Asker: 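Below you will find the structure I want to go over with you.
Quick caveat: nothing in here was measured; it's all calculated off a predicted structure.
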Amino acid sequence: MRLRLSLATRPFSKGQAVARSEKASAMKQSLTVLLAAGLAVPALAIEFRTVATAAVLYDAPSPRGKKLFVIKRDTPVELVVHLEGWAKVRDSEGSMAWIESKHLAMRHSVVVTAPRAQIRQSADEAAAMVFEAEKNVALDYLEGVAGGGWVRVRHRDGASGYVRVDQIWGQ
């Protein structure tokens, strides 16, 4: 006598049927996430861009979306998601909106968040001050300093130096 079992004829207990249903549901959720990932690509690491030209920010990735406000040129933004010619961005105040990707430059800038940021000759509190920048002034990000705590920046007039990371946003 030969015994043949196949998935089609093998009886399942109630517990096995529930486990199988839960596994199928989890697989459907995973597939949905994978399909969505093909359309929207989230930034996996914190990535910053600079607004190249003044641009309208929207509540949705479409010119038919609600216009929220105009963001000025040279404003740094954190890239959250890319979606077919659009980018969801966060500003220094934490607000999120959509912008057409064509308005974003690959250039990286930071914005002063302290009332007055001191830009110094070297990454040292005792170093001579090169200049001060007022709150909301945009500075070009040049490089981070090993050991953290400082960032090398340049003002649009050409002056450069080091600023403490607690005085800026966008690094």
Side-chain angles (χ1 to χ4, degrees), residues 27-123 129-171:
M27 288 176 68
K28 284 180 187 176
Q29 285 178 332
S30 295
L31 182 59
T32 301
V33 168
L34 289 173
L35 288 173
L39 298 175
V41 181
L44 299 177
I46 296 177
E47 190 175 339
F48 293 93
R49 292 284 183 267
T50 299
V51 177
T53 59
V56 176
L57 294 180
Y58 297 89
D59 69 343
S62 167
R64 290 183 293 209
K66 180 181 174 188
K67 294 176 181 178
L68 301 175
F69 55 91
V70 175
I71 191 166
K72 67 181 183 175
R73 185 178 136 257
D74 293 332
T75 302
V77 291
E78 178 187 352
L79 201 53
V80 179
V81 174
H82 276 282
L83 180 67
E84 298 177 7
W86 289 83
K88 188 169 193 175
V89 296
R90 181 185 344 250
D91 67 12
S92 63
E93 296 175 359
S95 299
M96 288 205 288
W98 290 91
I99 186 172
E100 288 183 88
S101 296
K102 68 182 180 183
H103 296 296
L104 297 176
M106 293 300 290
R107 188 167 58 83
H108 184 170
S109 62
V110 295
V111 66
V112 174
T113 55
R116 291 183 77 81
Q118 296 80 35
I119 290 62
R120 302 194 176 272
Q121 253 180 350
S122 64
M129 190 171 10
V130 178
F131 67 94
E132 283 189 315
E134 293 184 1
K135 186 173 184 163
N136 295 322
V137 169
L139 303 167
D140 289 331
Y141 174 95
L142 300 177
E143 65 182 339
V145 176
W150 293 86
V151 170
R152 188 165 168 247
V153 295
R154 180 179 46 237
H155 190 271
R156 70 175 174 226
D157 69 6
S160 65
Y162 297 83
V163 63
R164 288 193 341 251
V165 295
D166 63 353
Q167 295 182 331
I168 57 172
W169 180 87
Q171 70 284 358

Asker: Are V110 and V153 close enough that some pair of their side-chain heavy atoms sits under 4.5 Å apart?
Answerer: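 Counting from C-beta outward, V110 and V153 do come under 4.5 Å.
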
Asker: Flag the pair H108 / R49 as yes when at least one side-chain heavy-atom distance between them is below 4.5 Å, and no otherwise.
Answerer: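 Counting from C-beta outward, H108 and R49 never come under 4.5 Å.
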
Asker: Name all residues meeting the side chain to side chain donor-acceptor pair (under 3.5 Å) criterion together with T75; count only those two or more places apart in sequence or in a different chain, and write none if there are none.
Answerer: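 Per chain and number, T75 pairs via side chain to side chain donor-acceptor pair (under 3.5 Å) with no residue.
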
Asker: Could you state the interatomic distance from CG (L79) to OG (S101), rounded to the nearest 0.5 Å?
Answerer: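 With rounding to 0.5 Å, CG (L79) is 7.5 Å from OG (S101).
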
Asker: Which atom pair, heavy atoms only, marks the closest approach of M96 to V80?
Answerer: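 Residues M96 and V80, closest heavy atoms: SD-CG2, 3.9 Å.
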
Asker: Can you sort out the partners of E134 under salt bridge (charged side-chain N to carboxylate O under 4.0 Å, His left out), two or more places apart, ordered by chain and number?
Answerer: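 Applying salt bridge (charged side-chain N to carboxylate O under 4.0 Å, His left out) to E134 gives R116.
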
Asker: With side chain to side chain contact (heavy atoms under 4.5 Å, CB included) as the test, would you mind laying out the steps for T50 and L104 before giving the verdict?
Answerer: CA-CA 6 Å; T50 299; L104 297 176; over 6 Å; no

Asker: Nearest 0.5 Å, please: how far is CZ in R156 from OG in S109?
Answerer: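 The OG atom of S109 sits 12.0 Å away from the CZ atom of R156.
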
Asker: How long is the span from the OG atom in S62 to the CD atom in E84, to the nearest 0.5 Å?
Answerer: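 Here the rounded value is 11.5 Å.
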
Asker: Only distances under 3.5 Å count here; give the side-chain donor-acceptor pairs of residues 53-60 to other protein atoms, sequence neighbours excluded, each with its distance to 0.1 Å.
Answerer:
unit_1	atom_1	unit_2	atom_2	d
T53	OG1	H103	ND1	3.2
D59	OD1	K66	N	2.8

Asker: I'd like to know if the side chain of E78 and the backbone of G170 have a donor-acceptor N/O pair within less than 3.5 Å.
Answerer: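 It does not hold such a pair.
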
Asker: To the nearest 0.5 Å, tell me how far D91 CG sits from W169 CH2.
Answerer: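 Result: 6.5 Å between the selected atoms.
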
Asker: Would the number of heavy atoms belonging to other residues, nucleotides or ligands and lying under 6.0 Å from CE of M106 be above 12?
Answerer: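 No, CE of M106 has 12 or fewer neighbouring heavy atoms, counting only those of other groups under 6.0 Å.
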
Asker: Using the side chain to side chain contact (heavy atoms under 4.5 Å, CB included) rule, take E132 and I119 through it: C-alpha gap first, then chi angles, then the decisive distance, then the call.
Answerer: CA-CA 6 Å; E132 283 189 315; I119 290 62; over 6 Å; no

Asker: Kindly list each side-chain donor-acceptor pair under 3.5 angstrom involving residues 157-164, sequence neighbours excluded, with atom names and distances?
Answerer:
unit_1	atom_1	unit_2	atom_2	d
D157	OD1	H155	ND1	3.3
D157	OD1	A159	N	3.0
R164	NE	D166	OD1	3.1
R164	NH1	E125	OE1	3.2
R164	NH1	E125	OE2	3.3
R164	NH2	D166	OD1	3.4
R164	NH2	D166	OD2	3.4

Asker: Taking distance alone, no hydrogens or angles, what donor-acceptor pairs closer than 3.5 Å link side-chain atoms of residues 140-150 to residues at least two apart or in another chain?
Answerer:
unit_1	atom_1	unit_2	atom_2	d
D140	OD1	R107	NH1	2.9
Y141	OH	G144	N	3.0

Asker: Who are the side-chain contact (heavy atoms from CB on, under 4.5 Å) partners of R73, not counting sequence neighbours?
Answerer: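 Counting only residues at least two positions away or on another chain, R73 forms no side-chain contact (heavy atoms from CB on, under 4.5 Å).
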
Asker: Can you list the steps and then say if I99 with V77 is a side chain to side chain contact (heavy atoms under 4.5 Å, CB included)?
Answerer: CA-CA 10 Å; I99 186 172; V77 291; 5.9 Å; no

Asker: To the closest 0.5 Å, what do you measure between CG (L83) and NZ (K88)?
Answerer: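 If I round to the nearest 0.5 Å, the distance is 10.5 Å.
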
Asker: To the nearest 0.5 Å, what is the distance between OG on S92 and CD1 on I168?
Answerer: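 The OG atom of S92 sits 11.5 Å away from the CD1 atom of I168.
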
